[in-house]
Amino acid sequence: MGNRPCRIAAATVLAVLAGMLLGAPAASAVPPDYTTSEAGNPFADGWYADPDTVVYGDRYWVFPTTSKSYAEQTYLDAFSSTDLVNWTKHPNVLTKANVSWASYAMWAPAPIQRNGKYYLYFAANDIQNNSSLGGIGVAVATQPQGPYADALGRPLIDRFQNGAQPIDQDVFIDDDGQAYMFYGGWGHANVVKLNADMISLGTHADGTVYKEITPAGYVEGPQMFKRNGKYYLMWSEGGWTGPDYSVAYAIANSPLGPFARLGKVLAQDAAVARGSGHNSVVNIPGTDTWYIVYHRRPLSETDGNHRQLAYDRMVFNADGTIAPVTMRVRDDFADNNAFGWRTYGGTWGASGGRYAAANSLGGKALLDTNFGNVTYDADVAVTSGGGDAGLIFRVTNATTGTDGYTGYYAGISPAGRVVLGRVNNNWTQLQATAMTVAVGATYKLRVTAIGSSIKVYVDDMVTPKINVTDATYPTGATGLRVFNAAAAFDNVSVSPPVGSGTNLAQGRPATGTTACQAAEGPEKAVNGTVNGGNTDKFCSAVTGAWLRVDLGASRAINRFEVAHAQAGGESATLNTRAFTISVSADGVTWTQAVNATANTAATSTHPVSVTGRYIRLNVVTPAQNTDIATRIYELRAFG
């Protein structure tokens, strides 16, 4: 995958050679244009981390760390694809057997092509001081898939410089041909120039070799790319084993900076995955289509090394800033695999672009998600049997067995019905509706669950077939199930809820002015609750405080609601008195939709008829008295 336009340009010289070496088909006339890995994340099988990317000819390449214990990290694999859907694994592209000084902890490979050769930069041995052997090395090969061999017989960088541990290297060739390497752990980032031979270091204009460029918040994992003449530096923050691992970025006019932190691009999603970080980026050649490639940890995994490869769409605002990335949950099974799915009973297999289940009494396949309010779509076809097949959601405690879980199930049956039930190791039918269901025919099945409201749609996405109220299970995993039937499933999509009456802002990425304290950040204003106590709010004592929410896509909005201090149990004198709410399609040009000048309500309601992706609440007068702090318990936007 090409994360730098200059890499792509350098690689095209060898396009024919790369295709011959790998038997690659010709590049598609229509370049990849996806919202995410439509065929499912993870897109590769196994535990991997720290992916770096490049385009060689008509192939996208991913070179990751093998995510095992340090002692087992003695080799590197690679993956390649012509379409970002079907991936070929290339094992052992570099092993410690070909690096005399490397013993373990081979990390974060960085690929690039030049001089008719393929270079792979890597870290090894996780050195803790300058007396240890290890650091950043460089290997070379005559073809993208290797095998790569050590080019120097020693590390290229083997000392701490400016406090930076020599790990997490990233190589970038600018339009003028100058090559740079960005690297560094332990909270420090350096940039060095690479000479034309790509295996020795040059000097900066001031005669130094190592220039520190550490931005605020930096921990590790730098990544450099160029777009529209601007230099983007991305890096990872937080702890790599923790849920706070995330990606931030800066933009500069030079590859040497200065790099002033602009904000986070990617962070964990409690419904999708934790520990999302150490990224690279992909630019589809000849387009302005970009993806962020990164690793993340499934929600149920506690082993720090259990990390997987994923990618999602990366979108730029009109001013060149990057919109917060949404980790989407999709699977159209176009890759004919079911990576990320876990089965409980029955026989399951992906082929022909569908996920098929043989006839069983309750076979289940689950994604490792944890959605409460959700819209869950899938195409369902009952291929044989008189039972039913469909979607399970808000699932916990899954085991093998007919009703071996707690949660809900919505299914269709050739017996002529749509059914919704509640399960707790036994079955309770909530509602059934008559409907003609033909064996072998495909139906779009949708569940929208918001709080206690559960609606089931079949083909008609406007009028639900089933509409019930049940608050027994608030959150859990999403999956598929068959009962006394065989079925095929396709086009799975799990997301925050859509439809009339849906709070479009809930759970969406939020930013704002500096919080009163760490526990009162902007995310508290979109967490869906006002009953978590005095810290279940966004609080900011900044004059002209603001709160901004990214809805992820342009949405029609017919009502705003704002829950103020009194809604959260504080004094009515602290309710926000004067504020505006504006919307924007691009995050740059804003249209004011609400202008409240004398609010006293605990929760204010504002009917509107607007469309936008971004919402911004600007505070004019934060309270009824002279208190300077803004308190917003919830900002809601309804479609």
Side-chain angles (χ1 to χ4, degrees), residues 263 324 373 451 496 501-552 555-584 587-639:
N373 293 344
T502 299
N503 177 9
L504 305 172
Q506 184 170 332
R508 300 302 307 164
T511 54
T513 44
T514 303
C516 297
Q517 53 184 301
E520 298 176 331
E523 68 281 355
K524 291 297 181 68
V526 291
N527 68 355
T529 66
V530 297
N531 54 11
N534 191 32
T535 58
D536 193 10
K537 65 176 181 294
F538 167 57
C539 178
S540 179
V542 174
T543 301
W546 56 266
L547 171 68
R548 172 171 150 163
V549 181
D550 177 7
L551 301 181
R555 307 295 292 272
I557 302 167
N558 58 43
R559 183 174 86 256
F560 288 110
E561 291 181 2
V562 185
H564 305 278
Q566 189 181 2
E570 296 188 77
S571 169
T573 61
L574 300 177
N575 289 337
T576 319
R577 181 169 180 81
F579 57 92
T580 63
I581 301 176
S582 300
V583 296
S584 172
V588 177
T589 302
W590 295 86
T591 300
Q592 184 173 292
V594 174
N595 183 17
T597 59
N599 173 65
T600 59
T603 298
S604 56
T605 301
H606 312 276
V608 296
S609 180
V610 296
T611 299
R613 171 174 175 169
Y614 302 95
I615 303 167
R616 181 173 171 128
L617 185 151
N618 293 285
V619 176
V620 179
T621 307
Q624 308 296 308
N625 54 25
T626 58
D627 196 291
I628 63 171
T630 291
R631 298 165 174 84
I632 304 295
Y633 276 77
E634 281 293 297
L635 172 59
R636 307 182 185 107
F638 293 91

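Only this structure's heavy atoms are used, side chains among them; waters, hydrogens and symmetry mates stay out.
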Study note, to complete from the structure: Hits for side-chain hydrogen bond (donor to acceptor under 3.5 Å, both in side chains) against Q506, two or more places apart or cross-chain, chain-then-number order -> none

When the side chains of residues 609-621 are checked against the rest of the protein, which donor-acceptor pairs come out under 3.5 Å, sequence neighbours left out?
residue : atom : partner : partner atom : Å
R613    : NE   : D550    : OD1          : 2.7
R613    : NH2  : D550    : OD2          : 3.0
Y614    : OH   : N317    : OD1          : 2.6
R616    : NE   : N618    : OD1          : 2.9

Check your understanding: Who pairs with A596 by side-chain contact (heavy atoms from CB on, under 4.5 Å), at least two apart in sequence or on another chain?
Key -> F579, H606

**Study point:** Working for side-chain contact (heavy atoms from CB on, under 4.5 Å), residues N503 and N373
**Key:** CA-CA 10 Å; N503 177 9; N373 293 344; over 6 Å; no

Review point. By ring pair (Phe, Tyr, Trp, His ring centres under 6.0 Å), which residues pair with F538, not counting sequence neighbours?
Key: none

Review point. Is the side chain of K537 donor-acceptor paired with the backbone N or O of A565 at a distance under 3.5 Å, no angle test?
Key: no

Exercise for review: Step by step, work out the side-chain contact (heavy atoms from CB on, under 4.5 Å) result for V549 and R508.
Suggested key: CA-CA 7 Å; V549 181; R508 300 302 307 164; 3.7 Å; yes

Point to revise | Interatomic distance, L551 atom CG to L504 atom CG [nearest 0.5 angstrom] | key: 6.0 Å

Review point. Quick one: salt bridge (Lys or Arg N to Asp or Glu O under 4.0 Å) partners of E523, sequence neighbours excluded?
Key: none

Check your understanding: If you round to the nearest 0.5 Å, how far is OG1 of T597 from CZ of R577?
Key -> 8.0 Å

Exercise for review: Apply side-chain contact (heavy atoms from CB on, under 4.5 Å) to A601 and list each qualifying residue two or more places apart in sequence or on a separate chain.
Suggested key: N599

Check your understanding: Quick one: salt bridge (Lys or Arg N to Asp or Glu O under 4.0 Å) pairs with a partner in residues 594-607, sequence neighbours left out?
Key -> none

Ignoring hydrogens and angles, write down the donor-acceptor pairs under 3.5 Å from the side chains of residues 627-639, residues two or more places apart or on other chains.
residue : atom : partner : partner atom : Å
D627    : OD1  : A629    : N            : 2.8
D627    : OD1  : R631    : NH1          : 3.2
R631    : NE   : E570    : OE1          : 3.3
R631    : NH1  : A629    : O            : 3.2
Y633    : OH   : E570    : OE2          : 2.6
E634    : OE1  : G528    : N            : 3.1
E634    : OE2  : N527    : N            : 3.3
E634    : OE2  : G528    : N            : 3.2
R636    : NH1  : E561    : OE1          : 3.2

Point to revise | Gap separating the OG1 atom of T576 from the NE2 atom of H564, nearest 0.5 angstrom | key: 5.0 Å

**Study point:** L574 backbone acceptor or donor facing N625 side chain under 3.5 Å
**Key:** no

Using a 3.5 Å cut-off and no angle test, enumerate the donor-acceptor pairs between side-chain atoms of residues 539-548 and protein atoms at least two apart in sequence or in another chain.
residue : atom : partner : partner atom : Å
S540    : OG   : T513    : OG1          : 2.9
S540    : OG   : T514    : O            : 2.7
S540    : OG   : V542    : N            : 3.4

Check your understanding: Which pair of non-hydrogen atoms, one from N575 and one from Q566, has the smallest distance, and what is that distance?
Key -> OD1-N, 2.8 Å

